[in-house]
Peer 1: 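Below you will find the structure I want to go over with you.
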Amino acid sequence: MKVELLSGHDAVDSVRSDIVDLRRLSYGEDEWGVTDDCSRHLLAFHRGDLIGYYRVLFWSSVEGKVDLQNISPVISVFRFNQSEFDGYEVLELGRLCVQTNARSNIVPRFLWRYLFEHSARLSKPALALGMITPPVGRECELVHDYEIARSSAPCKRTGHFQPRFSGRHTKDTCSAETGRNQQTDSHPHVRLSTVRAYLRLGARFGPLARWPSFGNRLCLLTSLVSEELNL
């Protein structure tokens with residue numbers, strides 16, 4: 001597997017169309033925007049085909065150039081004290097995509113390993129923040145996995161985060177729907193649970209919230225630091 005980290009402009013010149021196609025496959029409608037231009041793009045290739053992807057927004061790289069409030073999905077969804085992270089180089093992860101026939105822990109592990117090895121050269125320790133967003137129709141599975149993740153790996157770093165728009169799903173209201181989905185899914189063993197994959201790899205988890213600008217989807221805050229990862 002080959003992994004590359006490209007700037008937004010480099011991605012435009014080379015594999016932008018492949019990135020957008022993979023994001024649409026994972027999330028439905030998705031367009032290239034200003035956040036993409038300001039971000040770097042972490043790509044995993046197998047035999048020349050793009051099989052895995054992350055968008056990585058380095059907060060420090062846009063300071064003095066654009067208003068972070070306007071391009072950061074995490075800031076648009078959560079209220080929090082940014083000064084709490086002055087001792088970190090914050091990397092905002094987004095749009096994780098893995099090709100259907102490559103869904104396992106292997107691709108995220110390679111992407112995280114490459115990213116944190118690259119970030120080791122930075123002047124501050126890297127802190128990755130992101131939001132896990134389920135496919136349409138899978139929100140109750142996220143709620144179910146959230147209950148497991150929060151009890152197993154709560155995140156103290158993001159304990160002060162407050163959702164701007166609270167999620168309406170709860171464990172009780174989702175239990176019946178989750179059961180129905182699991183019973184009717186013809187291939188449950190090949191479906192990647194992103195939360196469970198993150199949990200096995202050492203991520204920590206914050207609150208649930210709604211993401212209005214991304215179809216009002218439910219999302220789960222997650223954070224990563226190198227010393228906690230199982231790579």
Side-chain angles (χ1 to χ4, degrees), residues 1-8 10-11 19 35-36 38-46 50-63 68 71-75 77-78 80-98 102-133 145-146 148-161 192-207 219-231:
M1 188 182 304
K2 178 183 178 183
V3 180
E4 296 180 2
L5 183 64
L6 304 178
S7 71
D10 289 337
I19 291 172
T35 302
D36 299 302
C38 296
S39 299
R40 300 177 196 178
H41 301 271
L42 191 58
L43 313 171
F45 296 92
H46 179 62
L50 179 63
I51 63 169
Y53 169 79
Y54 255 129
R55 181 177 67 197
V56 188
L57 176 62
F58 285 69
W59 283 10
S60 64
S61 70
V62 299
E63 289 180 359
L68 191 59
I71 63 170
S72 164
V74 167
I75 292 177
V77 172
F78 293 97
F80 61 98
N81 183 1
Q82 288 179 234
S83 66
E84 294 279 340
F85 302 129
D86 286 347
Y88 290 101
E89 177 73 35
V90 178
L91 319 178
E92 183 172 339
L93 304 181
R95 297 295 202 274
L96 169 65
C97 305
V98 180
R103 290 186 175 175
S104 70
N105 280 356
I106 295 174
V107 176
R109 180 183 290 117
F110 267 85
L111 292 172
W112 288 6
R113 182 181 297 161
Y114 183 95
L115 180 63
F116 278 94
E117 286 177 352
H118 173 85
S119 302
R121 300 191 295 268
L122 300 173
S123 60
K124 298 179 182 179
L127 166 65
L129 298 175
M131 298 184 294
I132 296 174
T133 308
D145 286 344
Y146 161 76
I148 297 172
R150 283 282 282 172
S151 62
S152 302
C155 180
K156 296 180 179 179
R157 289 180 295 272
T158 58
H160 62 289
F161 278 54
L192 174 67
S193 167
T194 304
V195 175
R196 292 171 188 256
Y198 274 38
L199 184 60
R200 288 193 293 269
L201 293 175
R204 298 292 184 266
F205 299 90
C219 56
L220 171 60
L221 182 70
T222 185
S223 74
L224 322 165
V225 292
S226 60
E227 60 266 25
E228 295 174 353
L229 297 181
N230 302 314
L231 303 180

Peer 1: Quick check: do R157 and V225 have side-chain heavy atoms less than 4.5 Å from each other?
Peer 2: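 Yes, side chains in contact.
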Peer 1: Kindly give the heavy-atom pair with the smallest separation between I71 and C38, and that separation in Å.
Peer 2: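 It is CD1-CB, 4.0 Å.
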Peer 1: Which residue pairs pass the salt bridge (Lys or Arg N to Asp or Glu O under 4.0 Å) test with at least one member in residues 105-117, sequence neighbours excluded?
Peer 2: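 Output for this query is empty, none listed.
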Peer 1: If only atom types and distance count, is the side chain of E89 paired as donor or acceptor with the main-chain N or O of L122 below 3.5 Å?
Peer 2: no
Peer 1: Would you please test S152 and L199 for side chain to side chain contact (heavy atoms under 4.5 Å, CB included) and show each step?
Peer 2: CA-CA 8 Å; S152 302; L199 184 60; 4.1 Å; yes
Peer 1: So, applying side chain to side chain contact (heavy atoms under 4.5 Å, CB included) with T194, which one of T222, L96, T133 is it?
Peer 2: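 Considering T222, L96, T133, a side chain to side chain contact (heavy atoms under 4.5 Å, CB included) with T194 is found only for L96.
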Peer 1: Can you tell me how far CD1 of I148 sits from CZ of F205, rounded to the nearest 0.5 angstrom?
Peer 2: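 It is 10.5 Å, given to the nearest 0.5 Å.
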Peer 1: Nearest 0.5 angstrom please: W112 CH2 to L201 CG, how far?
Peer 2: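 Output value for this atom pair is 5.0 Å.
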Peer 1: Is there a side-chain contact between D36 and I19 (heavy atoms, below 4.5 Å)?
Peer 2: no
Peer 1: Any chance you could measure L68, atom CG, to E63, atom CD, to the nearest 0.5 Å?
Peer 2: 8.0 Å
Peer 1: Roughly how far, to the nearest 0.5 Å, is CG of L6 from OG of S39?
Peer 2: 12.5 Å
Peer 1: Looking only at heavy atoms, which two atoms of I51 and H46 are closest? And how far apart?
Peer 2: CD1-CB, 3.7 Å
Peer 1: Before giving the answer on side chain to side chain contact (heavy atoms under 4.5 Å, CB included), spell out for L129 and S223 the whole-Å C-alpha distance, their side-chain angles and the decisive distance to 0.1 Å.
Peer 2: CA-CA 5 Å; L129 298 175; S223 74; 3.7 Å; yes
Peer 1: What is the distance from atom NE2 of H41 to atom CG of L57, rounded to the nearest 0.5 Å?
Peer 2: 9.5 Å
Peer 1: Any side-chain heavy atom of R200 sitting closer than 4.5 Å to one from N230?
Peer 2: no
Peer 1: If you look at every heavy atom in L111 and A44, which pair is closest and at what distance?
Peer 2: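 Of all heavy-atom pairs spanning L111 and A44, the closest is CD2-CB, 3.9 Å.
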Peer 1: Could you tell me whether the side chain of K124 and the main chain of V90 form a donor-acceptor pair under 3.5 Å?
Peer 2: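 Judged by distance alone, no pair lies under 3.5 Å.
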Peer 1: Excluding sequence neighbours, so at least two apart, what forms salt bridge (Lys or Arg N to Asp or Glu O under 4.0 Å) with E4?
Peer 2: K2
Peer 1: Give a yes or no on whether the ring-centroid distance for W59 and Y88 is below 6.0 angstrom.
Peer 2: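 Ring-ring flag for W59/Y88: false, centres at least 6.0 Å apart.
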Peer 1: Looking at I75, is its backbone amide N or carbonyl O close enough to the side chain of S72 to form a donor-acceptor pair, meaning the two atoms are under 3.5 Å apart?
Peer 2: yes
Peer 1: Would you give the length of the straight line joining atom CG of L127 to atom CD of E84, rounded to the nearest 0.5 angstrom?
Peer 2: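 Rounded to the nearest 0.5 Å, the CG-CD separation comes to 11.5 Å.
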Peer 1: Give the ring-plane orientation class for F80 versus F161, where under 30° counts as parallel, over 60° as perpendicular and anything between as tilted.
Peer 2: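 Judged by the thresholds at 30° and 60°, the geometry between F80 and F161 is parallel.
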Peer 1: Closest approach of S83 and N81, non-hydrogen atoms and distance?
Peer 2: OG-OD1, 2.5 Å
Peer 1: Test of understanding: with ring-ring contact (aromatic ring centres under 6.0 Å, His included), list the residues that count as partners of F110, not counting sequence neighbours.
Peer 2: none
Peer 1: Looking at every heavy atom in both R204 and C155, which two are closest together, and how far apart are they?
Peer 2: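 Taking every non-hydrogen atom into account, CB-CB, 3.5 Å.
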Peer 1: On a heavy-atom basis, which atom in R55 and which in P73 lie closest, and how many Å separate them?
Peer 2: NH2-CG, 3.7 Å
Peer 1: Go through D145 and I132 one step at a time and tell me if the side chain to side chain contact (heavy atoms under 4.5 Å, CB included) criterion holds.
Peer 2: CA-CA 11 Å; D145 286 344; I132 296 174; over 6 Å; no
